[in-house]
Amino acid sequence: MTFSKRQGWLLPVLFAFMALWIIPAQTVLAQTPDAVSEDSVLPVAQKAEARLVKDKATLADITQQIDNKGNDDAKLVDLKGKADDLAGNAAATVAHLRTRLDEISTRVTSLGEPPKDGAPPEASVVTDERNKLNAEKAQINAVLGDAENVSASASRLSNTITNLRRSLFAATLFKRTEISLPVLAEAGTEFVGEISSLSNSLTGWAIFVWNYKRLSMFGAVTLSIVAALLFMVGGYRFLGHRMERRAFSGEPSYLRRLSVAFWSTTVQSMSVFLFMSASAFLLDNFGVLRPDIAPIVFVAMSVIAFIYFVSRLTYAIFSPTQSEWRLLKVSTRGAHIISSAMLVMALVNGLDYLFSTISETLNSPLILTVAKSFVASIIIGIILFALSFLKPLASTDIDGDGRDQRMPRWLSALLRFGGLLLIGACLTGYVGLARFLATQIVSTGAVLATVYIGILSGRAISKQGIFAETLVGRYLGRRFGLGPVPLDQAGLAAGLGIYCAALAFGVPLVLFSWGFQPGDIESWAYRLLTGFSIGKTSISLISIITGILVFVVGYAVTRWFQKWLDRNVMARGQVDAGVRNSVGTGIGYLGVVVAAIFGISSAGLDLSSLALVASALSVGIGFGLQNIVSNFVSGLILLVERPFKVGDWVVTGTVEGTVKRLSVRATEIETFRGQSIIVPNSEFINSSVGNWTHRNRIQRAEIPVSVSYDTDPQRVMDILLELVKKQTPVLRNPEPHVEFLRFGEFALDFELRFHLADLSHGLTVKNNLRMEILKRFHQEGISIPMKQRNLNIHVDGDSNPQALAALMADEGDKNLVSQTATAATPKPDMPKPDDVDKPAKDAEVETARASVRNRKA
């Protein structure tokens, strides 16, 4: 079996689909017999009891760690995850034990009650089994209570950790510190001493590096620079046309501005981030950093990367020097002020964290850290308060004076409230709260701005007709021949994907900045993916996604197998087109059903739960779905019996045409005028159907011919046979023949009969034959008479032949005029006109006129 280039992509899919079933089977078969037998021989209660012993030890260890490290939020997050896992394992044990109890109860009930006194004894096998089941039931009940206690204790411990973290967070934020001028003066003195200590540490580290780690330092920095340059060069290599504003001329579209802003910010920021991360990793692994210097260097690199990211982001959004690339409708002056203010706030917040790390590393007094956070929060609060009075929006009024406009009132009020809140918190001594809020304003604002760009990009690309103009849209249209409607739908899907990517990127970062630990998000994501309960229903996104993927893979394999079987097996075997259509349709429905069953099973849905749905459907079928089921069953009968197939010429009722498509509900018939008619399949089963091409496409055709009485009949028959034998589509067996049908009223009637190999040639052959017959008859002098009818009208008495002739002439029958004039001429034995009664003569005239009018009609 060979695969074309278009079919080659299915091989990995087939292998992956097979691996879903083969690998688990191999894993089971690969287990040693001893391990399998040992696990299966152990009773359920003993296995649960062994697991509970380990769970109790883990529970005691978690409780002890909480007592020892109750002030470390990151450690508390890990402990909470362990407690949640422990609670889940204990709950699963409880459920397993309850299931076994139900099985034991059902079995004991089936065995029946033990015989009473005086009753015949039961078999010893039954008694032994009942005693064994009751003993296991008692053991399970004892273990079950222990498992429920462990599950409840683990749940309470998880809630305790949550409350402890909440209290620790509140204590950190709302801790009040006395702020006064003497305190700030003392902090200034300590700051000078800290600078001196930092200088000595950096000098000693520099001497150490120069003397002992010079090559390591040079190698780490060089490798980091090379990694960053490779990433940046690769980004510009593949995305340079999407990053450089100079690559575009004219007024850029909004989608192009978003694309340039996104790619330029991402590639450049990631290059700096890669350089900093690689440098920190290599310096640490090469032994260049000392323990007293490493935290400072790591934080300094993080601050530099964050400040660079904010600078690129503000430049991409506001573009102070190139207004045509600006994403927001702000003036040039407003763009300069806002971008500068955001950069200053990021710098102040970053320096605050750097100085705090330096103080913590050098063991400086706490008041120094408080003073630094106080100054940083005050500066950020003043900047926010000042921005609320800014008029950054560009004027959109053509007839106005061109002055800049104020920002929306809600935004101005929000900025003023934030600025005053930071300043007020600092002045009242809640410096920790002020520092936390200042950090959130800067970091969360940068993340939200990035997410906002993603949302704008998704909105722009999902507009009608926009995706088809992009590079991907043009490629898809060229590669797969997609039209405007499929490309527009692909644009909607692309926009939705960008929304999801932006939210998946932004939500975790926002949660991190608000104090959540990675363990929290990991735990939430694990619960969301592996399963969460709504009432008594458990929903697992991973199972649902797996079920969808299994169905998609099964559907793709079915479609591929349909095409492969049709093109490589049935086409080579010259199987009839109708058989190919029936087999392909049956395989398609069978494959979809099998894929749906596997998909539902992989999604974790119990097929037995569909019994209620099936019963409801049966009631619906009995009332409202009779026709649908009838058509469905009729379609299956037609596919199996095949009274007609695709391409047949059929006649049913008032419909006549060629069968184009067969399905289980209806059949599509295309008439010879090009109209498609959808006929329910039940009509083909319940009524007579004519099939011109049921067994073959041979058809007998007839052409009637009439000649005058003075023509030789044998000559006519010879001419007709001679002409029909010259037509190529006419079969020689059965041989064409001419029938002398009858002596007609005005002519001799013949009929030329012949057979065609394909009835589709009937009209063409008949048309050619008629033209040849007419031409040959003209050459031979054979006339084809016209049908005639003679009408004689006798008028008695005095009449006006000339008036009657004029009447007949007006009616358009010259032959009748001459005959009527002759009939109206008086004969010798006829009475004179004067002897004829006048009313009778008028009646005869009216009768003549009515006869002429009827004949004309």
Quick check against the 3.5 Å criterion: does [X] have a side-chain atom that pairs as donor or acceptor with the backbone of [Y]?
X	Y	result
Arg326	Phe318	yes
Ser388	Phe385	yes
Lys391	Gln405	no
Thr444	Ile441	no
Tyr430	Leu422	no
Ser462	Arg459	yes
Ser264	Ala261	yes

Heavy-atom side-chain contact between [X] and [Y] under 4.5 Å:
X	Y	answer
Leu390	Ile337	yes
Met301	Leu283	yes
Leu157	Leu86	no
Asp488	Ile466	no

For [X], does the [atom1] atom have more than 12 heavy-atom neighbours from other residues, nucleotides or ligands under 6.0 Å away?
X	atom1	answer
Tyr452	OH	no
Arg333	CZ	no
Phe281	CZ	no
Arg312	CZ	yes
Gln322	CD	yes
Phe273	CZ	no

Among pairs that include at least one residue of residues 269-281, which meet side chain to side chain donor-acceptor pair (under 3.5 Å), considering only residues two or more places apart or in two chains?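 Non-adjacent pairs meeting side chain to side chain donor-acceptor pair (under 3.5 Å): Ser224-Ser279.
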Closest approach of [X] and [Y], non-hydrogen atoms and distance?
X	Y	value
Gly506	Val451	CA-CG2, 3.5 Å
Ala449	Ile317	CB-CD1, 3.9 Å
Leu368	Ser359	CD2-OG, 4.0 Å
Ala460	Leu258	CB-CD1, 3.9 Å
Leu384	Met345	CD2-SD, 3.8 Å

Atom CZ of Arg416 and atom CG of Leu420: how far apart are they, to the nearest 0.5 Å?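 Going from the CZ atom of Arg416 to the CG atom of Leu420 covers 9.0 Å.
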Can you sort out the partners of Ile379 under side chain to side chain contact (heavy atoms under 4.5 Å, CB included), two or more places apart, ordered by chain and number?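 So Ile379 forms a side chain to side chain contact (heavy atoms under 4.5 Å, CB included) with Val348, Val375, Ile383.
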Ring-plane angle category for Phe306 and Phe309, please: parallel below 30°, perpendicular beyond 60°, tilted otherwise.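 Correct class here is tilted.
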Judged by modelled atom types alone, do Arg435 and Ser356 share a side-chain donor-acceptor pair under 3.5 Å?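 Yes, because at least one side-chain N or O of Arg435 sits under 3.5 Å from a partner of the opposite role on Ser356.
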